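Chain A is the first sequence line, chain B the second, and so forth, proteins listed ahead of strands; every chain is numbered from 1. Only heavy atoms go into these numbers, but all of them, side chains included; no hydrogens, no water, no symmetry mates. Predicted model only: the values in this text are computed from it and were never measured.
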Amino acid sequence: MDGIPSQRLLNPPRAGALLAGLILLVAALCAGAIALPHSRYIRFQQFATGDFARVRWVYERLNYDRTPIDVAVFGTSRIEAAVSGPKVQKALTAAAGHPVHVANLAVPWAGRDTQLVLFRELLRTHPEVRLVVLEWAGRDRISHPAFRDIADWQSIVGAPTWINYYWLGNVAYLPLRNMSLFVQSVAPSLFGMTPRFDARHYARYRGADMDTTEAYRLDNDKLIEHARYANRDDLEKAVGGPKSPPHQPLLVRLTGGDADIIGTNAIAQISAELDRRCIGLVFLHVPDYKEGDLNQLGRPDAKTPILSAPTSIAQDWRDYINAMHLRTAGIARITAWLPQALQPYLGGASRQYCGTMAGKAR
Amino acid sequence: MTFNSISFLLFFLPVVLIGYYVSARFLPNALRLLFLIAAGLAFYGRNSIAFLPLLLGSAAINYLLAIAIVRASPPAKNALTSLGVAINIGLLLYFKYFAAIFDSMARAFGHPGAAITIAAPLAISFYTFQQVAFLLDVARGRTAPTGPIRYLAFVSFFPQLLAGPISLHQEIDPQLGSTPERGRALENILVGLVLFGFGLFKKTVIADNVALLVDPIFDQAASGMAPGFFPAWGAAITYTLQIYFDFSGYSDMAIGVARMFGILLPLNFFSPFRSRSITELWQRWHMTLGRWVRIYIFQPMALPLTRFAAARRFGRWSTLATGSLLPVFLSMLVIGTWHGPNWTYVLFGTMHGSFMVINEVYNFKTRKARRAKPDGPLMLALYTFLTVLAFILAEVPFRAFDVPTAMRMFAGMIGLHGAGAAALTPAGAINLLIIVGLFLIIYLLPNSEQLMTRFRPALEWDKWGKVDPARLAIRFDFSAAWLVYAAIALFLGMAFIARGGQTFIYFNF
């Protein structure tokens with residue numbers, strides 16, 4: 001049986017040099033691909049349909065809509081469905097006697113890293129923000145599915161690496177993503193992308209007063225609505241047994257690492273940046289159906305207050321469209337409660353309240 | 001974890017390679033093999049931990065049976081061999097076919113709800129066939145057990161474990177037994193990595209992208225909608241190209257990874273669409289499965305049947321039918337059903353069996369005339385065209401969810417549901433260009449192994465290196481230009497992994 005040539009074809013030093021050369025070339029190509037320029041706006045258009053279509057609206061609201069933002073709300077679909085930006089804004093404005101602009105920037109799906117990306121975008125585009133509201137629903141340990149698509153490469157590479165199971169996959173995605181974005185930026189019309197936000201495309205943007213608690217349609221005509229009742233039996237089944245504690249992977253247990261390294265890191269960065277800028281931060285908890293004591297969820301940190309929606313909401317099945325999302329009745333109860341809960345943390349119209357805020361909230 | 005995953009490429013493979021060569025340098029041979037076994041079991045366990053005991057149990061039973069066969073007297077040898085084959089095939093039938101057979105029988109007897117579910121262990125078809133071959137070859141004296149560690153290293157050798165090639169013990173065992181030559185490690189890793197890169201490019205850049213054109217049409221047909229003429233043909237042709245580059249890519253990667261460990265695997269894929277008959281195609285597509293069926297099914301069937309026909313003085317055609325056509329047809333049926341317990345695979349096997357029979361009859365009838373006056377280039381091109389056309393047709397049931405879906409596709413392909421497209425759209429034109437481009441690649445360029453010919457990429461390369469040279473006779477060397485091409489292939493292959501590609505089609509079997 002004939003096998004590998006008996007004669008050595010490459011001497012070891014040459015083979016080693018060639019192997020190193022091949023690996024270095026691949027690395028250089030990766031770096032080159034990551035460095036390809038592209039339009040950030042097109043980067044936020046990658047989800048035309050489906051759950052993450054919201055990130056385009058968020059980007060347009062932040063970058064192209066000069067309506068100020070005083071209160072910015074970040075969270076998952078739970079918050080997207082529960083908090084009506086325009087209604088809370090109306091109530092806060094009435095109470096304060098001057099305009100208080102509220103933007104619900106929540107995007108479906110858990111994962112704090114995307115919230116961190118959008119938070120940075122907020123500070124870059126709307127430094128006037130006075131209060132940031134972050135959803136609190138306990139710890140989770142996942143990277144948001146849209147993070148690798150919308151974050152810049154520095155955020156992806158710079159994400160925590162130790163026991164972050166998503167880091168390698170997210171970084172490995174960068175060359176393809178940036179090549180694709182480069183091509184889309186060169187020929188946007190070929191891919192159905194909008195190169196610039198202008199009047200012609202303005203119709204796609206739903207405006208600063210977009211109310212996520214009301215029915216709206218995605219670009220693919222999918223209807224997002226909150227009026228229908230949940231099936232009570234389904235709800236009961238969904239909350240059936242006691243919640244199992246979050247999974248602690250073996251590596252985390254062995255090393256005593258932080259199971260929620262992505263969330264912890266994002267909250268720490270957001271908190272530090274807000275501290276530096278003297279902007280308020282509160283957490284907002286909207287309960288799932290029949291969710292028990294808030295204390296079971298733990299606390300994100302020791303200093304930041306958590307605004308917890310009345311627990312009575314969680315007991316009424318008619319408040320929910322499914323186990324985690326409120327329907328019209330529940331939304332109305334949140335809308336009635338939230339402005340009052342937020343008011344103490346707004347302090348005043350100017351930044352001068354910073355000291356008061358720091359003393360009160362932190 | 002599969003070959004087309006970042007964790008394999010950036011973590012598993014480098015760690016195992018370093019561990020392997022370090023243990024080869026500093027540890028006894030047995031420990032080097034134990035390290036390789038551990039890597040193989042980790043690789044399998046990462047994909048299917050629940051069935052790891054089955055793999056180990058199967059290897060243990062077969063090894064013990066092989067020892068017993070070697071030591072047994074001739075009559076006992078036959079009995080033990082039969083027992084071993086029965087155990088292996090029994091396990092395969094139970095895990096892969098029993099639930100489907102039970103379900104069919106329940107339906108036949110009016111109890112459609114009485115279905116049972118049995119999860120099929122990953123790669124059972126591959127390691128079962130490999131071990132059946134081992135037992136039969138031990139019984140025939142073609143190989144012999146060389147120790148439990150070497151045997152387990154052979155069965156669990158991860159480059160071939162999940163989807164072949166179905167190598168023979170006598171091919172791999174001597175290579176595993178010999179200590180890797182010092183000073184060749186880097187050369188082998190380099191050659192293997194280049195081959196792997198070509199395979200990865202075929203899989204993630206070509207096959208996975210082509211799949212995007214295929215799936216909507218077949219899904220539509222599965223949901224009851226009837227595709228028109230152009231979409232149906234488009235889907236059938238592009239699926240054929242998808243599986244071509246998927247399997248070709250996988251085979252290159254398997255050969256490449258094995259080469260990194262200094263092990264040569266048998267060829268499994270050799271430009272089958274340049275074949276001039278369906279018989280030749282099956283000698284170049286999934287070559288090791290074709291070889292297995294030829295050695296262990298066709299030949300044991302054909303010889304006695306031919307003798308039977310001769311003893312009864314059958315005529316020329318009757319002898320052909322008995323001694324050749326029947327075993328050929330049944331062999332193709334086995335190949336079809338090997339893929340799984342679906343009627344679609346039976347139809348696939350039946351179609352290929354029928355094509356093979358037609359091919360054999362044509363050869364039988366025209367052999368003398370063609371010997372006297374060899375076919376011209378046009379005729380040869382026609383043979384290739386018909387061969388590929390036949391293959392495309394048989395791929396329809398292979399891909400289809402069920403037989404009615406396949407029938408809807410066939411109905412579309414003969415125009416029963418209209419044209420399906422009023423005019424050639426820009427997207428359609430691009431798809432057409434992609435199809436033409438891929439066929440040009442197949443027909444003009446050398447395959448990966450031909451490209452790497454000077455490095456003797458696979459077993460029996462002295463024979464295969466001379467077969468069907470490519471129209472463009474280019475050869476890989478380690479010049480700067482080729483190093484850049486290899487790096488681009490590897491880079492794009494890796495980059496496209498991140499899109500979240502599909503598993504290899506042959507992992508389903």
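Summarising the geometry, atom CH2 belonging to Trp482(B) is positioned 13.5 Å from atom CG belonging to Leu22(A); distances are rounded to the nearest 0.5 Å. To the nearest 0.5 Å, atoms CG (Leu483(B)) and CG (Leu24(A)) are separated by 10.0 Å.
A donor-acceptor pair under 3.5 Å is formed between the side chain of Glu187(B) and the backbone N or O of Leu10(A).
Of the two parts of Val484(B), the backbone and the side chain both hold a non-hydrogen atom closer than 4.5 Å to a non-hydrogen atom of chain A. Of the two parts of Leu10(B), only the side chain, counted from C-beta on, holds a non-hydrogen atom closer than 4.5 Å to a non-hydrogen atom of chain A.
Using a 4.5 Å cut-off on side-chain heavy atoms (C-beta onward), Met494(B) and Val26(A) make contact.
Ranked by heavy-atom pairs shorter than 4.5 Å toward chain B, the options Asn11(A), Leu29(A), Leu168(A), Leu25(A) are led by Leu29(A).
Residue Tyr485(B) places its OH atom among 12 or fewer non-hydrogen atoms of other residues, nucleotides or ligands, all under 6.0 Å distant. In this structure, Arg294(B) places its CZ atom where more than 12 heavy-atom neighbours from other residues, nucleotides or ligands lie under 6.0 Å away.
For Arg499(B) against Arg148(A), the heavy-atom pair with the smallest separation is O-NH2, 4.5 Å.
Among residues 149-158 of chain A, no residue has any heavy atom closer than 4.5 Å to a heavy atom of chain B. Within residues 171-183 of chain A, the residues having any heavy atom under 4.5 Å from a heavy atom of chain B are, by residue number, Ala172(A), Tyr173(A), Pro175(A), Leu176(A), Met179(A).
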